[in-house]
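Notes follow once the structure below has been shown.
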Amino acid sequence: QVQLVESGGGLVQAGGSLRLSCAASGRTFSSYNIGWFRQAPGKEREFVTTIRWSGGNTVYADVVKGRFTISRDNAKNTVYLQMNNLKPEDTAVYYCAATMKTGNYRSSYFTEDRIYDYWGQGTRVTVSS
C-alpha cells in the first residue's frame, strides 16, 4: 500500500511555472507507475501525464505536451510535475495516483484513471490571465 501527498500548487500568472510534487510513503514506491490527473471546476477529471515505475516511459496529454514534464526520484519517493507556460485553462485541482498494474505504455491504458489504485488529496493550481 502507498499513501500519496501532493504539494506545490498555488496561484500563478499565465506564462508562469510551477512544480508539483507527489510524495509517497511505503518501501515499494519504486514499483508503482504514477499518474497525474486534474479536475477543473464543473468538469470531469482528466489525464495529464504518467510515468512508469522505472522512469523509462512517459505519456502526456496533448494539451500539456511540450509544456509539462513528469519525472521521478525513487530514492526520495517523489514524483514531480514541472509545469511551464501555464495557461488559464490549466486551472484545476491536480491529483497524483499510483498503480502496480502492468501494461503497454504505448497504449492508452495508463491514461485511464480507473486503473489507479491509490490517490492523493490533490493540490490546487490557479492560473490567472
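Quick caveat: nothing in here was measured; it's all calculated off a predicted structure.
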Between Y80 and R19, is a side-chain hydrogen bond (donor to acceptor under 3.5 Å, both in side chains) present by the stated rule, with each step listed?
CA-CA 7 Å; Y80 304 99; R19 189 176 80 157; 4.8 Å; no

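- Between the side chain of T91 and the backbone N or O of V127, at least one donor-acceptor pair lies under 3.5 Å.
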Candidate pair T28 and V2, rule side-chain contact (heavy atoms from CB on, under 4.5 Å), full reasoning:
CA-CA 8 Å; T28 59; V2 64; 5.7 Å; no

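- Annotation: cation-pi pair R72/F29 present, NZ/CZ under 6.0 Å from the ring centroid and within 45° of its normal.
- Although no hydrogens or angles enter the test, the distance criterion places no donor-acceptor pair under 3.5 Å between the side chain of Q82 and the main chain of T69.
- For K101, the NZ atom sits in a packed shell: over 12 heavy atoms of surrounding residues, nucleotides or ligands are nearer than 6.0 Å.
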Decide yes or no on side-chain contact (heavy atoms from CB on, under 4.5 Å) for Q39 and E46, but give the supporting numbers first.
CA-CA 6 Å; Q39 187 165 20; E46 66 173 354; over 6 Å; no

Run the side-chain contact (heavy atoms from CB on, under 4.5 Å) check on T50 and I34 step by step: do they pass?
CA-CA 6 Å; T50 180; I34 303 295; 5.9 Å; no

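- D73 CG to S30 OG: the interatomic distance, rounded to the nearest 0.5 Å, is 11.0 Å.
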Determine, step by step, whether S17 and N84 satisfy the side-chain hydrogen bond (donor to acceptor under 3.5 Å, both in side chains) criterion, reporting the C-alpha distance in whole Å, the side-chain angles of both residues, the deciding distance to 0.1 Å, and the verdict.
CA-CA 4 Å; S17 298; N84 298 328; 2.9 Å; yes

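- Within a 6.0 Å sphere centred on CD of Q3, heavy atoms belonging to other residues, nucleotides or ligands number 12 at most.
- Exactly one residue among T49, V125, V64 makes a side chain to side chain contact (heavy atoms under 4.5 Å, CB included) with L81. That residue is T49.
- Remark: R52 fails to qualify as a cation-pi partner of Y105 under the 6.0 Å distance and 45° angle criteria applied to the six-membered ring.
- The structure places CZ of F68 at 4.0 Å from CG of D90, a figure rounded to the nearest 0.5 Å.
- For the side chain to side chain contact (heavy atoms under 4.5 Å, CB included) with F110, the qualifying choice from N104, I51, T58, N33 is N33, the only one to do so.
- At a threshold of 4.5 Å between side-chain heavy atoms, the hydrophobic network of Ile, Leu, Val, Met, Phe, Trp and Tyr places V93 and W119 in one connected group.
- Between F47 and F37, the distance separating the two ring centers is shorter than 6.0 angstrom.
- Among Y118, Y109, Y116, the one residue that satisfies the side chain to side chain contact (heavy atoms under 4.5 Å, CB included) test with T99 is Y116.
- Rounded to the nearest 0.5 angstrom, L20 CG and T78 OG1 are separated by 12.5 Å.
- Comment: K65 engages D62 in a salt bridge, judged by a side-chain N to carboxylate O separation of less than 4.0 angstrom.
- At least one donor-acceptor pair under 3.5 Å links the side chain of E6 to the backbone N or O of G122.
- A distance of 12.5 Å separates OG in S21 from CG in L4, rounded to the nearest 0.5 Å.
- Taken from CD in Q1 to OG in S25, the straight-line distance is 8.0 Å, to the nearest 0.5 Å.
- Side chain of N77 to backbone of A23: no donor-acceptor contact under 3.5 angstrom is found.
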Go through the steps to decide whether Y94 and W36 satisfy the test side-chain contact (heavy atoms from CB on, under 4.5 Å), and finish with yes or no.
CA-CA 7 Å; Y94 284 71; W36 283 97; 4.3 Å; yes

